[in-house]
There are 2 protein chains.
Amino acid sequence: MNYEYIKAKISLAGLKATHQRIVIYDTLLALGHHPTAEEIYARIKPANPSISLGTVYKTLEAFVTGLLIRRVLTADGLMRYDARTDAHSHIYCVNTQEIVDFNDPELHQWIEDYFRHKNIRNIKIREISVQISAEKIDPAERIVVE
Amino acid sequence: MNYEYIKAKISLAGLKATHQRIVIYDTLLALGHHPTAEEIYARIKPANPSISLGTVYKTLEAFVTGLLIRRVLTADGLMRYDARTDAHSHIYCVNTQEIVDFNDPELHQWIEDYFRHKNIRNIKIREISVQISAEKIDPAERIVVE
DNA sequence: ATGCGTGCAAATCTTTTGCAGAGTC
DNA sequence: GACTCTGCAAAAGATTTGCACGCAT
């Protein structure tokens, strides 16, 4: 995803496509995990020394409001963000604390169908995601789902 | 769940069963949602004026370490706790912000089996839970799953 | 009696806010 | 040019910490 594409995406959300915002969005995409405002700031700062942490916080919340990104569910008490906005699932590693995305359309479809046949009253389901809590066998290796 | 039972549970976790801890655990059980330390403190304070907020924070973390309770996944950046320690699923209501527990052994079993047949490398699955994001149709009514 | 737990207050960390100036459309 | 966004610094909010005393075992 390049500079112009990101710029267009931000504009489409009704936000001004400033350099800071483009860099923040780009960084969120580039980082494989689900960073906090601080983590994005640290990553951006060297190449953009004048950027302020407050701007990163404000920008991320503006993106959430504009439906460009999402907040991520965490148990660490920090606000974390994800550039993916489609429903997808997560694997939480209990030893390394990593959160790895994974997508399994077959599984999601099955669960959706399952709930369609259940008797759930008073709510309209928007989306379903699966959280797997797991232990890494070899902490040096990557987690692979296929 | 009564005073003596809770006392025994806390002792079994290797912690001293003080009055404060018993009251905190009891309150966490009594509250239907997933409270923060502040919320528990506010609820406890009237009947226990000398209790301190710091103690509530410390106690909750001690309970987490002792596997008596769990931290809950949230997107609000606050640390929330749950007295349930078994794997269960959540329905998150996008308009009222409620988080409702629900348990569906059949669904959980099916998902577990599904993953047993998948090729997931380098992790050992500990537990699986499903997060449903939903909209309440009648905000005055309760959410029912059966 | 011993050591863990409590209460208090200060410290720390995270996130929000107000405002003047800068940049986008 | 109008209005939004940025950067800075201060404020607010959430959580942790240190320590002297108290209480459970």
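Residue numbers start from 1 in every chain, and the chains themselves are labelled A, B, ... in the order their sequence lines are given, proteins ahead of strands.
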Has Arg21(B) got a side-chain N or O lying under 4.0 Å from the OP1 or OP2 atom of dA24(D)? no

Taking atom types as modelled and ignoring hydrogens, do the side chains of Tyr81(B) and Glu61(B) form a donor-acceptor contact shorter than 3.5 angstrom? yes

Determine the contact category for Ala17(A): base if any of its heavy atoms lies under 4.0 Å from a base atom, sugar-phosphate if only primed atoms, P, OP1 or OP2 are that close, otherwise nothing. sugar-phosphate

How close or far is atom C1' of dC13(C) from atom CG of Leu78(B), stated in whole angstroms? 14 Å

Against the side chain of Lys16(B), the closest entry in dT25(D), dC8(D), dT16(C) is dT25(D)

For the pair Lys136(A) (side chain) and Glu141(A) (backbone), establish whether a donor and an acceptor sit closer than 3.5 Å, ignoring hydrogens and angles. yes

Check the hydrophobic clustering (I, L, V, M, F, W, Y; side-chain heavy atoms under 4.5 Å; chains of links allowed) and say if Val130(B) and Phe115(B) are grouped together. yes

From dG7(C), dT16(C), dG7(D), nucleotide with atom closest to Tyr57(A) side chain: dT16(C)

Between Ser52(A) and dC8(D), is there a contact of a side-chain N or O with OP1 or OP2 at under 4.0 Å? no

Determine: side-chain N/O of Thr18(A) to OP1/OP2 of dT6(D), distance under 4.0 Å, yes or no. yes

From CE of Met79(A) over to P of dT14(C), roughly how many Å is that when rounded to an integer? 13 Å

Checking contacts here: which listed nucleotide (dC25(C), dT15(C), dT6(D)) is nearest the side-chain heavy atoms of Ser11(A)? dC25(C)

In whole Å, what is the span from the CD1 atom of Ile24(A) to the P atom of dC5(D)? 12 Å

OP1 or OP2 of dC23(D) under 4.0 Å from side-chain N/O of Gln20(B): no

Do Thr96(B) and Glu98(B) have a side chain donor and acceptor closer than 3.5 Å? yes

Considering heavy-atom distances to DNA chain D, does His19(B) or Ala37(B) have its closest nucleotide positioned more toward the 5' end? Ala37(B)

note: Leu60(B), atom CG; dT6(C), atom P; distance rounded to Å ~ 11 Å

Let me know the distance between CD1 of Ile51(B) and P of dT6(C), rounded to the nearest Å. 8 Å

Separation of dT15(D) atom P from Leu53(B) atom CG, nearest Å, is 9 Å

Measure from the side chain of Leu15(B), starting at C-beta and using heavy atoms only, and say which of dA14(D), dT25(D), dG5(C) lies closest. dG5(C)

Between His88(A) and His108(A), does the ring centre distance come in under 6.0 Å? no

Distance, rounded to the nearest Å, where Ile40(A) contributes CD1 and dT15(C) contributes C1': 14 Å

Looking only at the side chain of Lys58(A) (C-beta and beyond, no hydrogens), which of the listed nucleotides dT25(D), dG5(C), dC8(D) gets closest? dC8(D)

Give me the ring orientation class for Tyr114(A) and Trp110(A): parallel if the planes are under 30° apart, tilted from 30 to 60°, perpendicular past 60°. parallel

Just compare dT15(C), dG7(C), dT25(D) and give me whichever is closest to any side-chain atom of Ser50(B). dG7(C)

In whole Å, I'd like the distance from the CD atom of Glu61(B) to the C1' atom of dC4(C). 17 Å

Give Thr59(B) one of three labels, base, sugar-phosphate or nothing, depending on what nucleic acid heavy atoms sit under 4.0 Å from its own. sugar-phosphate

Touch class at under 4.0 angstrom, heavy-atom based, for Ala62(B) against every strand present: nothing

